[in-house]
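Structure first, then comments.
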4 protein chains.
Amino acid sequence: MTGAQERPLRADAARNRAKVLDAATEVFTTRGIGVPTEEIARAAGVGVGTLFRHFPTKEALLEAVMVRRLETIAERTAELAAGAEPAEAFYGCFRLIVEQSAGKNEFARALAAAGVDVQSSLQAPSAVIRTRLTGLLDRAQRAGAVRPDLTVPELIALLVGTGATLEQLGPDPAARERVLDVLFTGLRPR
Amino acid sequence: MTGAQERPLRADAARNRAKVLDAATEVFTTRGIGVPTEEIARAAGVGVGTLFRHFPTKEALLEAVMVRRLETIAERTAELAAGAEPAEAFYGCFRLIVEQSAGKNEFARALAAAGVDVQSSLQAPSAVIRTRLTGLLDRAQRAGAVRPDLTVPELIALLVGTGATLEQLGPDPAARERVLDVLFTGLRPR
Amino acid sequence: MTGAQERPLRADAARNRAKVLDAATEVFTTRGIGVPTEEIARAAGVGVGTLFRHFPTKEALLEAVMVRRLETIAERTAELAAGAEPAEAFYGCFRLIVEQSAGKNEFARALAAAGVDVQSSLQAPSAVIRTRLTGLLDRAQRAGAVRPDLTVPELIALLVGTGATLEQLGPDPAARERVLDVLFTGLRPR
Amino acid sequence: MTGAQERPLRADAARNRAKVLDAATEVFTTRGIGVPTEEIARAAGVGVGTLFRHFPTKEALLEAVMVRRLETIAERTAELAAGAEPAEAFYGCFRLIVEQSAGKNEFARALAAAGVDVQSSLQAPSAVIRTRLTGLLDRAQRAGAVRPDLTVPELIALLVGTGATLEQLGPDPAARERVLDVLFTGLRPR
DNA sequence: GATGAATGAGCTTTCATTCAT
DNA sequence: CATGAATGAAAGCTCATTCAT
């Protein structure tokens, strides 16, 4: 139920869909949202028509990229959450999400600005993540690894913001570590 | 240091420039960067021609909006920094900046994407801010109010990210306070 | 003379050709010429590929639709012309054609605009009709049922125009009758 | 009240609007509705942008062309209707309209197909014409020059259809005269 | 100086037609 | 042979920027 298609989708069609999605993710992330659809098609090695057959709108493409990202995050958090003690699971997932989420904000904003019903299409995967985060936070708080007054919306906002922080900061590992340490220290019960 | 020099600029021209700048700030912030230039002109109550006379490019307008924001921030931080003990000055400025900076990221990104030499045009005001931040951080660290390993670039990244966090979080004051408390706790020496 | 010769055409292929032709007639008539080819294929219950195998061009399909219409008209006029006295035959055929020809003009125009050699492809069936009309007119004129100065091209133009009149008029039977009465009165010798 | 603009419209703007309208009338009539908007702009000697500034949609342009045609017809019928005895006025206007209306049907159909609210935008001028036609028909019927059972909708349908007849017929004056004579004879009381 | 009409490159999207499956 | 995914030329429309009024 994570991504069931209507019909199985022909082999080559699926391949092209994936190529487009990959190219879009790459291009949107590196060069921003303003890039012409045609460029993305070219990067994917398909014609514009093909792109539009799979994603009837540029918006729809953006949406699909986000959905896939969220799904990826959901999967990885599931693995992490499975076999680990509460604190490790929580902070591990935090790390995972903020590393993955570079550029995510821009997408969300663009979608929102375009008036997409972000709720409906992203709700499924983001609900999964939200549920997972709720569980992680709860367990960690009960284990005394996270301050008890923090709520899920605040956690999500912090994830988004920390993503932005890291994006702004650049690649220096020591600096990134220091910034995460600030966050993690602040998240622990005093 | 308020911005305009070159030539004194006629009274009505200056008034128009200000009207455009105000309108642009308002419109860009509320409706995003994609809004047509003409809309901004209309919001300012002038013709597009006038707008382009003052800001030869849409980019230039965006830049000007950012510059003014930074200048505003610089001024206010100056006031705060002046008569206050180190800890209060530092945390007060942090608050001030993150509250002010809603939407700032989008601007910065847009400018960067457009290939503007963000450094050169924003350098003056951002250098002022950077200097001020350096001073604030330094004083606060020496007073034992901020962990000593934090550097200025990390502080700036945290300011940007915390702005994003608050933007994501919405207006609930309790939640905002909690989030800031996480940050401030994390920033203190253990 | 039903259309298909060249090669016998397999049974299912012939069935598909007919399905496409029926669907095209229906769709073109009700929704205009602008409908995407794919829609017609869907209405016919076949893939686009099949459609294009039978009609190498959208134009060709339009043409085929018109040809079949003309053929239908030709057949019916034949029946009417066979066993009836001149006046009845003439006015009966006039009625028949103008009732049948709703929307036909649009096709003809579309074909002409597309630069199709309307003459060559439609010549066979329209020659049949023209011959029949010539006979009908001639007999009716000799019987004193139609004014003697009217020529075949004028008759055809009047048929086309009366079709348009009825199309414009809508379904009210009394009004349609009145309009036809105007025409028929005008067609009789003074 | 026949065509009042919001603001007087600058001299050059009015000139361009007229040029576009002329070109559109010409091009639509001779080459059909399918012609690219850009072609019309070129024919008018302006850029596409200018065209779209005046007519925000291709549909709107079609509409405007029709409106102007109807207005022209309305004016001319007014002149004719003014100083003439009933029969002459009626048959004169009939002639005038069917000569003018070449290609009009195609426009009307295109508009209808596009789902334009034909009523609202064309109502004003077409109401004028309808009123005029009502008056002409009424006077002619009272003068015994037209069969008394004919109604206005039927008259309009006949005008449309006769336009189509003439268009189909081509330019031969004798043939056109003969066709009109059929109509006019049919329209007289028997 | 101010205005807003004109410009046209560029963007998203459609659709007749081809061709791998 | 049938299918429908792929193609890409072309269409309609937008918008930053220029320039006559």
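In what follows, chains carry the letters A, B, and so on, assigned in the order in which the sequence lines appear, proteins first and then strands, with residues in each chain numbered from 1. Worth saying up front: this structure is predicted, and the values here are computed from it rather than measured.
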How close or far is atom P of E:dG1 from atom CZ of B:R15, stated in whole angstroms? 14 Å
Please assess B:T25 against B:R68 for the test side chain to side chain donor-acceptor pair (under 3.5 Å), listing each intermediate value before the final yes or no. CA-CA 9 Å; B:T25 304; B:R68 208 179 51 163; 3.2 Å; yes
Quick one: look up who E:dA16 pairs with, Watson-Crick or G-U, both distances under 3.5 Å, and put none if it's unpaired. F:dT7
It should be established whether C:H54 places a side-chain nitrogen or oxygen under 4.0 Å from OP1 or OP2 of nucleotide F:dC1. no
How many Å lie between CZ on C:R42 and C1' on F:dT3, as a whole number? 14 Å
Separation of B:K19 NZ from B:D12 CG (nearest 0.5 Å): 9.5 Å
So, is C:R53 close to the F:dC1 phosphate, meaning a side-chain N or O under 4.0 Å from OP1 or OP2? no
Return the value, rounded to whole Å, for the distance between atom CZ of A:R31 and atom P of E:dC11. 10 Å
Just how far, in rounded Å, is P of E:dT13 from CG of A:L51? 10 Å
Could you go through the salt bridge (Lys or Arg N to Asp or Glu O under 4.0 Å) check for C:R31 and C:E39 one step at a time? CA-CA 11 Å; C:R31 298 182 37 204; C:E39 211 114 313; 2.9 Å; yes
Counting just side-chain N and O atoms, does A:N16 come under 4.0 Å of either OP1 or OP2 of F:dA5? no
Could you check which nucleotide pairs with E:dT21 in any of the strands shown, counting Watson-Crick or G-U wobble with both distances under 3.5 Å? F:dA2
Looking at B:V20 and B:I40, what are the two nearest heavy atoms and their distance? O-CG2, 4.4 Å
Figure out the CD1/C1' separation between C:I40 and F:dG4, and round it to whole Å. 16 Å
Rounded to the Å, how far apart are B:L62 CG and F:dT17 C1'? 16 Å
Nearest-nucleotide check on DNA chain E, C:P56 vs A:P56; residue mapping nearer the 5' end is A:P56
What verdict does the side chain to side chain donor-acceptor pair (under 3.5 Å) test give for C:T37 and C:R42, after you've listed the backbone C-alpha separation in whole Å, the side-chain angles of each residue and the deciding distance to 0.1 Å? CA-CA 9 Å; C:T37 319; C:R42 200 177 314 141; over 6 Å; no
Please name the pair of heavy atoms, one in B:R17 and one in B:F55, separated by the smallest distance, quoted to 0.1 Å. NH1-CE2, 3.5 Å
Heavy-atom pair with the smallest gap, counting every atom of A:V65 and A:A24: CG2-CB, 3.8 Å
For nucleotides 8-12 of chain F, print each protein N/O atom paired with a nucleotide N/O atom at under 3.5 Å, atom names and distance only.
{"from": "F:dG8", "atom 1": "N7", "to": "A:G49", "atom 2": "N", "distance (Å)": "3.3"}
{"from": "F:dG12", "atom 1": "OP1", "to": "D:K58", "atom 2": "NZ", "distance (Å)": "2.8"}
{"from": "F:dG12", "atom 1": "OP2", "to": "D:T37", "atom 2": "N", "distance (Å)": "2.9"}
{"from": "F:dG12", "atom 1": "OP2", "to": "D:T37", "atom 2": "OG1", "distance (Å)": "3.0"}

Expressed as a whole number of angstroms, how long is the span from B:K19:NZ to E:dG1:C1'? 13 Å
